[in-house]
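Here is the structure we will look at.
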There are 2 protein chains.
Amino acid sequence: MKVTITDIAKDTGLALSTISRYLNHKKVQPENQVLIEASIKKLGYTPNRIAQGLRSKSSRSVALLIPFYSNYFWGHSVSYVTSALWEKGYTCTVHTYLPETDKQLKTIQLLISKKIGGVIAVSGSLSQEALNRLEDNGVPIVLLDQVLSSLSVDYVTSDNYQGGYMAGSYLAGKGHKKIGFIASEPGTYTICQRTRGFLDALQDHQIPSIPQYYSYQTSAYPAAEAQLQHLLSLKEPPTALFFCYYESCLSGISELAKYNISVPEKISIIGFDDDPLFSSLAPSITVIAQDFLTIGKEATKILLSRISGEDSSPGKKVLVPVRLIERESVAAI
Amino acid sequence: MKVTITDIAKDTGLALSTISRYLNHKKVQPENQVLIEASIKKLGYTPNRIAQGLRSKSSRSVALLIPFYSNYFWGHSVSYVTSALWEKGYTCTVHTYLPETDKQLKTIQLLISKKIGGVIAVSGSLSQEALNRLEDNGVPIVLLDQVLSSLSVDYVTSDNYQGGYMAGSYLAGKGHKKIGFIASEPGTYTICQRTRGFLDALQDHQIPSIPQYYSYQTSAYPAAEAQLQHLLSLKEPPTALFFCYYESCLSGISELAKYNISVPEKISIIGFDDDPLFSSLAPSITVIAQDFLTIGKEATKILLSRISGEDSSPGKKVLVPVRLIERESVAAI
DNA sequence: CTGAAAGCGCTTACAG
DNA sequence: CTGAAAGCGCTTACAG
């Protein structure tokens with residue numbers, strides 16, 4: 001049933017090593033090549049990658065690690081990475097991880113057992129210990145999204161600062177002076193960058209900073225609604241709002257709809273991260289969009305150059321530009 | 001650097017086979033077990049799954065195949081399947097496929113090369129040839145979503161008939177008599193089932209069938225909008241609408257918003273498949289929701305029983321119940 | 001360019 | 001329960 005390289009050798013009368021050489025695209029006499037190709041077709045031979053991997057000690061497989069709670073945007077990066085690597089003969093497994101270090105280590109351990117060639121991870125709550133385990137085993141790592149200071153691995157992340165700056169500039173350019181800002185998770189790298197960019201933009205546009213307009217909270221989802229209600233209840237409520245992460249924008253939209261506050265007549269809004277539905281809503285939502293495809297592309301490129309060993313420079317950091325998608329949710333004042 | 005089973009054997013003074021037996025959870029003298037465990041910890045040994053796979057001829061890996069254009073709902077099934085299989089020591093790769101048969105075959109070929117243990121596929125436009133190739137190589141297959149008549153593989157799919165019936169009954173129960181229906185892709189198994197269920201429900205509720213209210217089209221996205229406009233322009237437009245697939249519901253919502261047709265006052269709507277945003281919209285959207293998690297769970301269970309060989313019965317078909325999520329988009333008349 | 005031989009890290013009969 | 005030996009399907013120096 002199973003036809004192996006040995007069968008091809010017997011069938012052609014050539015040595016095992018000659019067949020192997022042909023399979024690995026090394027020089028073979030033209031007449032032998034013809035012989036081998038005919039035999040492969042005749043017998044229906046398929047190389048056994050498991051055996052190849054064992055012998056050559058390269059599994060041609062990489063793993064993608066995504067935090068469990070992660071939003072589905074990363075799907076775009078995942079899709080790109082998976083198919084790009086597949087094209088190169090690599091197999092790509094996707095794993096969601098939980099915050100618990102011991103569970104992460106279990107996953108990492110299995111990956112090492114399977115002789116994984118490299119890892120691309122959405123950093124999120126990936127523990128230092130898990131990353132170290134990977135490093136200790138010589139597995140190249142590319143981290144996406146959050147930048148964790150202490151490691152010397154490669155990073156690919158959106159230019160979050162630029163995104164915040166664009167949002168601020170855009171609203172200012174539309175004549176808004178009273179601009180609210182809704183963030184959370186203050187410790188996070190991405191949120192910090194967006195905040196910094198946003199505030200810098202306002203400053204560059206000579207818009208006075210009004211502390212009440214900027215709300216950060218530590219807790220999760222419901223928070224954004226509370227923040228929004230607070231902002232709207234001010235004596236002089238803002239005329240425009242920057243939702244600096246996806247979930248806040250989502251709850252913001254529904255909150256505004258619930259209270260029948262018309263956008264953009266009553267208040268203008270701009271979000272961070274795009275949703276397929278945002279363009280279908282009335283009004284459609286203006287956002288800063290991350291380029292997840294390019295993130296995936298850059299990450300793949302770096303990882304492959306690390307796996308092949310052609311790049312052994314210290315960890316690098318690639319910033320991928322974001323872009324403003326102008327729709328209907330911001331009015332000029 | 002790399003520590004192997006041989007190192008453990010040397011370190012403990014036991015035979016290779018004894019270590020192997022321990023690793024495979026077979027009986028070993030208690031004192032040897034202690035010895036082995038200590039040595040494994042001391043040397044930091046990790047089994048090489050590649051070598052195990054080669055020797056034991058089971059790779060403990062399965063592949064998930066998803067059509068490229070597929071909506072992201074399947075992500076829920078994918079997540080479940082991936083982590084459930086991972087728990088069992090299986091590695092799970094996800095692959096999106098294009099409609100072209102030759103490309104599908106290339107993917108399948110690599111999977112076979114990697115000695116894949118089984119496949120779970122969202123059937124979509126998976127070609128007969130690709131499926132045959134898998135079958136010829138003895139790879140167990142579980143198909144999701146569309147039922148393709150000719151194969152004797154396992155199926156796990158939502159009870160689409162029930163879903164259509166529930167939608168029809170619900171609208172009828174709310175007093176609607178003039179009920180529109182928006183479908184497309186008439187050849188599709190799922191759409192056919194939903195349509196049948198829906199029409200049966202109307203009949204069971206003595207609601208006369210008005211042909212103009214039922215629109216099927218062959219083309220894609222823009223079609224739903226055209227269909228909707230047609231329905232609304234009728235002299236006696238329907239008072240309720242069933243969008244029988246996700247994309248039609250999406251474009252329906254935005255179309256209705258665009259023309260300022262208030263839901264549910266002017267017209268009631270119910271969709272098929274739920275979107276996270278549907279509960280945030282004003283009004284929130286009532287839908288028939290598929291249970292993608294259970295679909296993943298069933299598929300995993302069947303596949304594992306096929307791989308282990310404990311189930312060799314002919315292909316079975318599992319219907320997973322759907323459920324109605326009642327929200328605000330349907331008014332009582 | 002080609003062939004004979006060794007070996008990747010395991011598992012699996014086969015004796016004991 | 002344990003050990004010695006063969007072998008999974010390949011690749012890789014080593015001679016020629």
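The figures here come from the full heavy-atom set of this structure, side chains too, leaving out hydrogens, waters and symmetry mates. Throughout, a chain's letter reflects where its sequence line sits, starting with A, and its residues are numbered from 1.
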Q. At their closest point, which heavy atom of Y155(B) faces which heavy atom of V147(B), and how far apart are they?
A. CE2-CA, 3.6 Å
(Q) Quick check against the 3.5 Å criterion: does S113(A) have a side-chain atom that pairs as donor or acceptor with the backbone of P47(B)? (A) yes
Q) Can you tell me if the side-chain N/O atoms of T18(B) get under 4.0 Å from OP1 or OP2 in dT2(D)? A) no
Q: Classify every nucleotide of nucleotides 5-12 of chain C by which part a protein heavy atom approaches to under 4.0 Å, writing B for the base, S for the sugar-phosphate alone and - for neither, in 5'-to-3' order.
A: -BBBBBBB
(Q) Regarding D154(B) and K316(B), does a basic nitrogen lie under 4.0 Å from an acidic carboxylate oxygen? (A) no
Q: Provide the Watson-Crick or G-U wobble partner of dA4(C), both distances under 3.5 Å; none if there is no partner.
A: none
Q. Mind checking whether H95(B) and W86(A) have parallel, tilted or perpendicular rings, split at 30° and 60°?
A. perpendicular
Q. Should the ring pair F292(B) and F73(B) be called parallel, tilted or perpendicular, given that the plane angle runs from 0 to 90° and is split at 30 and 60?
A. parallel
Q | Complementary nucleotide of dA13(D), counting Watson-Crick and G-U pairs under 3.5 Å | A | none
